[in-house]
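Taking it in order: structure first as structure tokens, then the write-up.
In what follows, chains are A, B, ... by sequence order, proteins preceding strands, each numbered from 1.
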2 protein chains.
Amino acid sequence: MTGLKISEVAEKSNVNIETVRYYEKRQLIPEPPRTRAGYRIFSLEDVDRIKFIKRSQELGFTLNEIKQLISISDDKTQVNSEEVLQYSVQKIDEIEAQIKDLEKIKKTLQDLTVQCSGSRSSDGRCPIITSLTGGDSHE
Amino acid sequence: MTGLKISEVAEKSNVNIETVRYYEKRQLIPEPPRTRAGYRIFSLEDVDRIKFIKRSQELGFTLNEIKQLISISDDKTQVNSEEVLQYSVQKIDEIEAQIKDLEKIKKTLQDLTVQCSGSRSSDGRCPIITSLTGGDSHE
DNA sequence: CTTGACTTTGTACCTAAGTACAGGGAGGAT
DNA sequence: ATCCTCCCTGTACTTAGGTACAAAGTCAAG
């Protein structure tokens with residue numbers, strides 16, 4: 001009686017129906033049992049798992065990483081905590097690297113726009129363009 | 001005599017040969033003239049343009065945006081500077097938003113790992129997993 | 001003249017995370 | 001019995017920026 005149809009599970013977990021089927025195919029959720037007619041029957045645990053997937057994605061994990069995360073957390077040995085921790089620390093490092101790259105890009109772009117605003121009255125050529133075009137400055 | 005073959009232009013601008021053809025198809029570089037046999041003939045300006053594209057990509061511009069940038073800079077009216085400036089300012093905003101998102105993700109992940117390291121001796125369940133799985137905390 | 005390195009075109013494949021659609025079956029209300 | 005809505009499968013398409021490959025033509029050296 002607690003069985004949910006695909007549209008129900010999709011709605012409860014705020015994803016598209018196709019996404020549910022896609023997660024099943026990617027083996028991120030277990031293969032659900034079926035009615036005699038072939039309809040999938042989901043449980044509230046499936047809803048929780050999909051929400052877990054979505055929250056993990058927001059934290060920057062890919063579906064493959066999430067699959068790993070799930071298998072670690074399903075495996076209830078005492079060591080699992082260690083592995084997940086390592087995963088997360090690594091992910092934090094990756095995010096930090098991304099932030100650094102973006103900061104650098106931002107700085108470059110800001111420098112260029114400052115130059116551009118400053119020298120506008122001279123010849124009409126934007127320093128952003130000329131700096132990108134000509135001067136083989138960084139290689 | 002200054003004509004460059006595709007492999008030469010690719011090497012000089014540090015991209016794959018296929019990438020050069022791809023940029024031509026995407027109209028990021030002008031259609032080069034051909035020899036009677038159909039071989040493309042490039043110039044040093046093409047090398048500069050490809051380098052421009054690559055540098056712009058590093059600054060976070062997409063190929064479509066770069067195409068715009070090129071058409072603005074080719075159009076030598078006095079207003080071009082203004083447009084490029086606006087483009088860049090907008091891009092800076094986008095980058096800032098991205099950085100903010102990443103900072104937030106990083107903070108969440110850090111909080112979780114701190115909790116995880118702290119409470120490791122209790123029951124072996126990692127707080128990262130349990131916090132993602134159960135507690136419908138944010139929605 | 002043959003070999004090897006290069007070029008041409010067109011098409012298909014790649015990652016990531018889905019979305020869309022076609023063609024068919026099922027369930028329940030009228 | 002019919003209608004509407006839902007579900008099934010399988011396949012193709014999407015974005016972005018390329019990469020890879022096959023079959024064929026070209027060029028220069030030996």
Item to check | Position toward the 5' end of DNA chain D (nearest nucleotide), B:I53 or B:T35 | outcome: B:I53
Checklist entry - Mind checking whether A:I95 and A:L63 sit in one hydrophobic cluster, side chains of I, L, V, M, F, W, Y counted as touching below 4.5 Å? => result yes
Show me, pair by pair, the donor-acceptor contacts under 3.5 angstrom made by side chains of residues 23-34 of chain B, not counting sequence neighbours?
{"unit_1": "B:Y23", "atom_1": "OH", "unit_2": "B:K54", "atom_2": "NZ", "d": "3.2"}
{"unit_1": "B:E24", "atom_1": "OE1", "unit_2": "B:R40", "atom_2": "NE", "d": "2.6"}
{"unit_1": "B:R26", "atom_1": "NH1", "unit_2": "B:Y22", "atom_2": "OH", "d": "2.8"}
{"unit_1": "B:R26", "atom_1": "NH2", "unit_2": "B:N64", "atom_2": "OD1", "d": "3.3"}
{"unit_1": "B:R34", "atom_1": "NH1", "unit_2": "B:G38", "atom_2": "O", "d": "2.8"}

Item to check | Set of side chain to side chain contact (heavy atoms under 4.5 Å, CB included) partners for B:E18, sequence neighbours left out | outcome: B:N16, B:R21
Checklist entry - How does protein reach along nucleotides 4-17 of chain C, written 5' to 3' as B (base within reach of a heavy atom under 4.0 Å), S (only sugar-phosphate), or - (no contact)? => result --BSBB-------B
Item to check | Residues forming a salt bridge (charged side-chain N to carboxylate O under 4.0 Å, His left out) with A:E45, sequence neighbours excluded | outcome: none
Item to check | Set of side chain to side chain donor-acceptor pair (under 3.5 Å) partners for B:Y39, sequence neighbours left out | outcome: none
Next on the checklist: Going by the rule side chain to side chain donor-acceptor pair (under 3.5 Å), which residues pair with B:S43 if we only count those two or more places apart in sequence or in a different chain?
Outcome noted: B:D46
Checklist entry - Taking any atom under 4.0 angstrom from a heavy atom of chain A, which nucleotides of DNA chain D are the first and last to qualify, 5' to 3'? => result D:dC6 to D:dT9
Checklist outcome for this item: Terminal axes of the helix from C:dC1-D:dG30 to C:dT30-D:dA1 (5 end pairs apiece), angle rounded to 10 degrees, sit apart by 40°
Checklist outcome for this item: Taken in chain and number order and not counting sequence neighbours, the residues that satisfy salt bridge (charged side-chain N to carboxylate O under 4.0 Å, His left out) with B:K5 are none
Checklist outcome for this item: For A:E11, the salt bridge (charged side-chain N to carboxylate O under 4.0 Å, His left out) test, sequence neighbours excluded, returns none
Item to check | Test side chain to side chain donor-acceptor pair (under 3.5 Å) applied to B:D111 - qualifying residues, sequence neighbours left out | outcome: B:K107
Checklist entry - Can you name the residues that form a salt bridge (charged side-chain N to carboxylate O under 4.0 Å, His left out) with B:E65, not counting sequence neighbours? => result B:K91
